[in-house]
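Quantities reported herein were computed from a predicted structural model and do not represent experimental measurements. Computed from heavy atoms alone, side chains included, the values below leave out hydrogens, waters and symmetry copies.
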Amino acid sequence: MNAAIRFLNDLRRIGASRDLNAVFDERLTFGERLADRVAAVGGSWGFIIGFGLFLAAWAVLNTVVLAAHAFDPFPFIFLNLMLSMLAALQAPIIMMSQNRQAAKDRLEARLDYETNLRAEAQIEELHAKIDSLHADIARLVEVRAPR
């Protein structure tokens, strides 16, 4: 949320004509950018396939290739430990990225709402001007109409 507040203050200072995503991304800290990259990699098919291949290779290496001298025999306790540590680190990082994205989405919705309010006010102003012009035209027609 901190990035969203900084961004909103910066956007009000520079005007709303710049790209929301570009300005928001410029203000990200190193940790926020890193969390986005971890989430992008960890949530991709490439990661899933690569990690599946790593797990298969680990199992084959420890059951077939090094059968008598396996460094992590069948129940794969060491592999389970590494997977647990990876999950313990990866999940909060991905959640940080999702929270930042949610803050960005809320900010975008707020800016859309403010834009809609400004557009509505401008449309009402145009309606008032058109009504005024209609009234002026009606008066001119009355003045020029033959009696």
Side-chain angles (χ1 to χ4, degrees), residues 1-140:
M1 191 63 176
N2 193 10
I5 292 170
R6 281 184 284 141
F7 171 73
L8 187 58
N9 291 336
D10 291 342
L11 189 64
R12 286 200 169 107
R13 188 176 64 243
I14 61 175
S17 61
R18 292 187 58 192
D19 180 27
L20 169 85
N21 294 319
V23 176
F24 194 86
D25 290 342
E26 285 174 5
R27 305 293 187 256
L28 293 178
T29 65
F30 173 75
E32 291 167 335
R33 284 193 305 275
L34 182 62
D36 286 345
R37 287 192 181 134
V38 168
V41 171
S44 69
W45 279 109
F47 177 79
I48 293 170
I49 292 168
F51 206 67
L53 292 173
F54 169 77
L55 293 175
W58 184 282
V60 168
L61 181 68
N62 282 289
T63 56
V64 177
V65 177
L66 301 173
H69 297 44
F71 58 90
D72 189 21
F74 170 64
F76 307 124
I77 295 171
F78 183 60
L79 177 63
N80 282 324
L81 173 65
M82 290 193 316
L83 292 175
S84 296
M85 290 189 314
L86 176 67
L89 292 174
Q90 189 179 24
I93 291 172
I94 290 172
M95 288 176 66
M96 286 187 322
S97 177
Q98 289 175 338
N99 288 340
R100 191 196 60 72
Q101 185 62 43
K104 183 177 178 181
D105 292 343
R106 284 191 301 273
L107 178 62
E108 187 173 14
R110 180 175 178 173
L111 292 175
D112 286 345
Y113 176 72
E114 289 175 4
T115 300
N116 290 341
L117 285 178
R118 283 192 302 271
E120 185 177 341
Q122 289 172 347
I123 289 170
E124 287 177 9
E125 184 179 330
L126 289 173
H127 276 292
K129 287 180 181 180
I130 289 174
D131 289 342
S132 174
L133 287 173
H134 279 294
D136 290 345
I137 290 171
R139 276 190 301 249
L140 286 173

Flag the pair Lys104 and Asp36 as a salt bridge only when some basic side-chain nitrogen lies within less than 4.0 angstrom of an acidic carboxylate oxygen. no
Are side-chain N/O atoms of Asp105 and Gln101 paired as donor and acceptor at under 3.5 Å? yes
Is the ring centre of Phe74 less than 6.0 Å from the ring centre of Phe76? yes
Do the two ring centres, one from Trp58 and one from Phe71, sit under 6.0 Å apart? yes
Quick one: closest heavy-atom pair of [X] and [Y], and the distance?
X     : Y     : value
Ala35 : Ser97 : O-CB, 3.6 Å
Ser44 : Ala40 : CB-O, 3.5 Å
Ala59 : Thr63 : O-OG1, 2.6 Å
Arg27 : Glu32 : O-OE1, 4.3 Å

[X] side, atom [atom1]; [Y] side, atom [atom2] - distance, nearest 0.5 Å:
X      : Y      : atom1 : atom2 : value
Leu28  : Leu34  : CG    : CG    : 11.5 Å
Asp112 : Leu117 : CG    : CG    : 11.0 Å
Glu120 : Glu125 : CD    : CD    : 13.0 Å

Under 3.5 Å, is there a donor-acceptor pair between the side chain of Asn62 and the main chain of Asp72? yes
Side chain proximity check, Thr115 to Arg118, heavy atoms < 4.5 angstrom: yes
So do Leu79 and Phe54 actually touch side chain to side chain, heavy atoms under 4.5 Å? yes
Take atom CZ of Phe78 as the centre, draw a 6.0 Å sphere, and report whether it contains more than 12 heavy atoms from other residues, nucleotides or ligands. no
Does atom CE (Met95) have a neighbourhood of more than 12 heavy atoms from anything else shown, all under 6.0 Å? no
Identify every side-chain donor-acceptor pair in residues 87-94 under 3.5 Å, counting partners at least two apart or on other chains, and give the distances.
none

